[in-house]
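Computed from heavy atoms alone, side chains included, the values below leave out hydrogens, waters and symmetry copies. Every chain is numbered from 1 and lettered A, B, ... according to where its sequence line falls, protein lines coming before strand lines.
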Number of protein chains: 2
Amino acid sequence: MTGLHPVKSQITCSSCGLQRICFPSGMTADEVQRLDNIISAQPVFKKGEVIFSAGEPAAALYALKSGMVKLFRMDDQGNEIIHTFYLPGDIIGLDALDQPVYGFDAVALDTCNLCRLEQRDLEMLGMQMPALNRQVLQMMRRELELERAHYENMTHRFAEQRVASFIWSMAQRYRERGYDWECFRLPVLHRDTATYLGLTPETVSRILKKFQKEGVFTWRRKYVEIHDVPRLQQAAGIAPKPDQCPRCCAAMG
Amino acid sequence: MTGLHPVKSQITCSSCGLQRICFPSGMTADEVQRLDNIISAQPVFKKGEVIFSAGEPAAALYALKSGMVKLFRMDDQGNEIIHTFYLPGDIIGLDALDQPVYGFDAVALDTCNLCRLEQRDLEMLGMQMPALNRQVLQMMRRELELERAHYENMTHRFAEQRVASFIWSMAQRYRERGYDWECFRLPVLHRDTATYLGLTPETVSRILKKFQKEGVFTWRRKYVEIHDVPRLQQAAGIAPKPDQCPRCCAAMG
DNA sequence: CGTGAGGTTGACTTCGGTCAACGTTTGTGG
DNA sequence: CCACAAACGTTGACCGAAGTCAACCTCACG
């Protein structure tokens, strides 16, 4: 957390994910101030509330300050297809940039604090700060990379690996953000987990029980506790590579 | 071909996919000329040749003028995971923009004509033509949307629907580009199709045989011929017919 | 407390993978 | 231009991972 930001101030959004767009490009204090003046709306959504939904005019981006959000759309039979879960620090709605309407539904999984940034303001900012455009492109690229990783996970692995991999990637994302990653809150229904992983709740339930029995990790009452990191990595099919994660690190600057 | 382009000249790349980035924003003749001066490299790759591979420095974008390209990477067991097939008019390598190295392998499926555009030249162009940046972002967004559609197709549908949907989407992409879409060349191995669809060659073979027997379409010796559009759409889940899909009926109840 | 959404468990089913054997194309060198 | 090998594709018998169905549990919340 410390030393990452060229400018530190008591501004509105110093803790929200928009800094991930703006700070890496080295904003001046003046630019930060301008950004803060623009990001005035800081809505709060409670569990189950809709942030935006597919088909409505795509007006804004949201930076998630706290809480968790799922992004999904309905298939032709009315089933949810969940594409992503967003964690604090993530930007929501990037894929609707320059689009007439949103393509997905975004729903709060628990109480969420957000920052709202109008698309037209972002566009304005982009003209004043060319480096910002590159950052937006990078975030988009990262979103594509995450989706591809998820796709690979879903299509070329067994159910058990998918579940292990899901827990592992959540832990990693919390770690990247400086939170405790061996014991963290995960306010996702098992049913949503199943949907996200292309499985049924029954299968997820059976697999979670197995991991618990084997002492790898537990997930009870919204809390995940990892007990055996190597076994979890192995179950998730993480290559026994020595140290770092090339892509993520590059993306974060 | 006709009437599509605001500027028509005997320039190098009037037929390559870079126009999809540039023309929609309304380039002037001067700008087109500048673009053409930059895009001088027009390499040809033969079947099986590597355009770029994961890990090597990401230097350029490629616009596919003719032929077909697959984008993939290896999983930890050395299996290919195919993410996309590129058709004439597509831009390849967008996801490596501003990245140190490519994240995927791109291989020619048959003889391919490409235009090569250095990343640093694109960056330069972007500074001179701000609208270009927006176009790049749009192409990226489109790539994300395609990946998500593919993900949905893979994870929430039966093998038969996946195959039908694959053929249908290929037909649509040819149609968009103004080619014959009811009878087209598809130089993709059945094995690669299986990999792309998360299936085995045996399963693909059985399903193709079934579609052929039912007179929906044939795919023999690199050529696809669609005989019954409504049935194909239905099989692909484009135009859902309740009476033909037992599971859906139950679900819709 | 009672109620209902969410979670668990077991018996059974099935889609699609695996294995093995056999056709059919394709491409290369004589 | 043919011969032959290697790559690609097809077919059938069998199997197993995960879905389905149904019953039951348990926990949060009014």
Taking for each residue the nucleotide of DNA chain C with the nearest heavy atom, is it A/P201 or B/K47 whose nucleotide lies nearer the 5' end?
->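 That would be A/P201.
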Does [N] have OP1 or OP2 under 4.0 Å away from a side-chain N or O of [X]?
| X | N | result |
| --- | --- | --- |
| A/T200 | D/dG19 | yes |
| B/T203 | C/dG16 | no |
| A/K209 | C/dT8 | no |

Whole Å only: how far is the [atom1] atom of [X] from the [atom2] atom of [N]?
| X | N | atom1 | atom2 | answer |
| --- | --- | --- | --- | --- |
| A/R220 | C/dT8 | CZ | C1' | 11 Å |
| B/R157 | C/dC15 | CZ | P | 17 Å |
| B/L189 | D/dA6 | CG | C1' | 14 Å |
| A/H190 | C/dT9 | NE2 | P | 12 Å |
| B/E202 | D/dA13 | CD | P | 15 Å |
| A/E160 | D/dA18 | CD | P | 8 Å |
| A/H156 | C/dG16 | NE2 | C1' | 15 Å |
| B/E80 | D/dC8 | CD | P | 11 Å |

Is a side-chain donor or acceptor of A/R73 paired with a backbone partner of A/A54 at a separation under 3.5 angstrom?
->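 Here the side-chain-to-backbone pair does not exist.
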Look at the rings of A/F184 and A/Y174 and say which category their plane angle falls in: under 30° parallel, 30 to 60° tilted, over 60° perpendicular.
->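 If you compare the ring of A/F184 with that of A/Y174, the planes turn out tilted.
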If you check the [X] side chain, which of [options] turns out closest?
| X | options | value |
| --- | --- | --- |
| B/A159 | C/dT9, D/dC8, C/dG16 | C/dG16 |
| B/R221 | D/dC8, C/dT25, C/dG16 | C/dT25 |
| B/F158 | C/dT25, D/dT20, C/dC15 | C/dC15 |
| B/L199 | C/dG17, D/dT10, D/dC21 | C/dG17 |

Contact class for [X] (heavy atom, under 4.0 Å): base, sugar-phosphate, or nothing?
| X | result |
| --- | --- |
| B/G48 | nothing |
| A/R206 | base |
| A/K222 | nothing |

Charged N-O contact under 4.0 Å between A/K209 and A/E214 =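 Looking at A/K209 and A/E214, the cut-off is not met.
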Does the side chain of A/Y196 reach to within under 4.5 Å of the side chain of A/I81, using non-hydrogen atoms?
->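 In short, these two side chains do not touch, never coming nearer than 4.5 Å.
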On the ring face of A/F104, is B/R148 found with NZ or CZ under 6.0 Å from the centre and within 45° of the axis?
->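 Cation-pi check for B/R148 and A/F104: passes.
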